[in-house]
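Here's the structure we're looking at; comments come further down.
Chain identifiers are assigned alphabetically (A, B, ...) following the order of the sequence lines, protein sequences preceding nucleic acid strands; residue numbering begins at 1 within each chain.
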Amino acid sequence: MRVKARAIVCTGCGLCEIACGYHRDEAFSLLSSSVMIYRAEEKKNYFAVIVKTDEDLFVGRPEGEQVMKLGELQKAGGGASAKPILIRESCDMCEGREEGPLCVKACPRNVLFVE
Amino acid sequence: MDYMYSGDLAIIDLESGEVDFREFTELDDYGPGFSSCLAVFKEYEESDPVVIGSGLFTGTTVPASCLGFVLAKDSDSDRVFTVPLNLYAGVEVKFSGFSAVAIIGNASSPVYVWLHDGVADVLDASNFASSDTWNTTDLIRSEMGDRLVQVISCGPFDNSHQFPKSASINYWGSLDPGHVAASFFRKNLKAVAIRGLGMIDAADPDAFFSSSLEFLKRCKPENGFALWNEQAAKIDEWVMPLVHRYRSCYGCPMACFPFLKYREQPSVLSSEGVEEPGILLTAYHALKLLKEKGFNPKEAMGVLEACLKMGLEAIALSSVIEPDAIKASENIVETVKTIQKENRIAIAPSAMFANWYSGEENSAFWETLNRAAYTLGICPIFLIKSGIDISEFYRLSGLACQTDFDQESVDASINRLI
């Protein structure tokens, strides 16, 4: 079981990031989440959803999903804005929270789901 | 205020190049968001200030808590004018390490201000003062090595001030009818770049978090300008064949803004291909004018993109451009530049808040709504359309910062200042 994303229906609101960060810190920040909206190609309106686990990254692109072993994102040419996900904590599925992953709960478009 | 803001008030004097920091006591004296920043604006009024701030809930899980703002002098009346910082710009202000920023005085040569993590730098912009807003954004992001830096900028410094200019948020329109850009030009301020890695605390975090998610559950996600009004809905229909995806501002269940691809198929989803495939439409008003004049959607996109790049106010430009000028043009940007030089237009009369809903600039309804929106940091369109009464949002303030605000207290604070 892991958090996945249907990026094609994502509108880039970022609530998943802030909710995940809240799980970590009980505060609001865009820094500490295990899920990240990739929005570095703004001029193309290209945005994707990345979820980090201990072993890999789930990369939900609008054109399809992919699971990449850690490190592959950098090799694939991810820019500076993509790299912080690699140094963040891994998704723990919001361990200890009865309601499950907060990113899933916060997403208003049902982009994120557990499977 | 111990919660919901982090960092001092920064006072950046462009004349001396010095930056001072002091405790943002106005938060306690006047309340969060607009009123405390208005107090700062008033304090530095003689120095032609540009004040940048954010609302109480900006950057949290409260739905549509995207809203930051820029206060600048209304070029016509000398009163304060407010331009929204939406998309991700307001959030980056909140996390910038400053509770608010006041930029005063005029620089002797072009500069830009770089706000990040409680540090405010005044940096030389001479080498890109003549750049368009897109190149300015690219240059600053490249220099900082971070493509998420938010850049509020104005177009080329070309000494042509007979036509309204408009500040941009990154590559897109900001709803500035001209006052913020005019302030930037007066100050020799090419851009303000913002990136925040900060963190904000709520007084009762669990109750605040769970209440905000309850609000989210009550919202019905919708797309497009149809959310705004009937006129806007017609623009939705007109541009539909070019719509690639809809974009929301930070934290918003609704996605008002269509990204329109007119240099490649709108259905193309990958990021490979055309470097500049189209534009994100952040307002519909200029497009309505272009449609009425007989432009087709692709031609209209070309005009708007030129306006965005050149930092021109799109409604003013749309009022003087004709379809034949574009049909005969090999370079739309050059054509738009020429039209700008040949026409003298004043900045449209403005009330205190940029109007992007009804066009009823002076309506009491819009002013009251915006007083709430810029206090709370919640998009005013969302406040209208969410179906949640504003008083319910105000009730979150106690959980957020241990102080209960309501419309009456907010109005009282603002009325002390205007």
Which members of residues 91-103 of chain A, sorted by number, sit under 4.5 angstrom from chain B on a heavy-atom basis? A:L102

Heavy-atom closest pair, residues B:E222 and A:R109: O-NH2, 2.9 Å

Checking heavy atoms, do the side chain of B:C219, its backbone, both or neither come under 4.5 Å from chain A? neither

Report the residue from B:F95, B:F208, B:Y5 that forms a ring pair (Phe, Tyr, Trp, His ring centres under 6.0 Å) with A:F28. B:F208

Check each atom of B:I200 against the heavy atoms of chain A and say whether the ones under 4.5 Å are side chain, backbone, both or neither. both

Check each atom of B:D138 against the heavy atoms of chain A and say whether the ones under 4.5 Å are side chain, backbone, both or neither. side chain

Can B:Y171 and A:N45 be counted as having a side-chain donor-acceptor contact under 3.5 angstrom? no

Is it true that atom NZ of B:K298 has more than 12 heavy atoms of other residues, nucleotides or ligands lying nearer than 6.0 Å? no

Under a 4.5 Å heavy-atom cutoff, which of B:L216, B:D201, B:I279, B:V268 has the most pairs with chain A? B:L216

Okay, A:E26 and chain B: the region with an atom under 4.5 Å from a heavy atom over there is both

Tell me the residues of residues 10-19 of chain A whose non-hydrogen atoms fall below 4.5 Å from those of chain B, in number order. A:C10, A:T11, A:G12, A:C13, A:G14, A:L15, A:I18, A:A19

Taking every non-hydrogen pair under 4.5 Å, which of B:T137, B:L280, B:N170 racks up the most with chain A? B:N170

So, are B:E275 and A:K44 salt-bridged, with charged N and O less than 4.0 Å apart? yes

Can you name the closest pair of heavy atoms from A:P62 and B:L269 and give their distance? O-CD1, 3.5 Å

Checking heavy atoms, do the side chain of B:F257, its backbone, both or neither come under 4.5 Å from chain A? neither

Taking the basic N atoms (NZ, or NE/NH1/NH2) and the acidic carboxylate oxygens, is any pair closer than 4.0 Å for B:R141 and A:E42? yes

Contact leader toward chain A among B:P221, B:S271, B:S65, where contacts are heavy-atom pairs under 4.5 Å: B:S271

Contact check, side chains of A:R39 and B:R147, non-hydrogen atoms, under 4.5 Å: no

Do you know which two heavy atoms are closest between A:A27 and B:M199, and how far apart they sit? CB-CG, 3.6 Å

Should the pair A:Y22 and B:F209 be assigned to parallel (<30°), tilted (30 to 60°) or perpendicular (>60°) ring geometry? parallel

Looking at A:Y46, is B:R245 sitting on its ring face, NZ or CZ under 6.0 Å from the six-membered ring centre and within 45 degrees of the normal? no

CD/B:E264: more than 12 non-hydrogen atoms of other groups inside 6.0 Å: yes

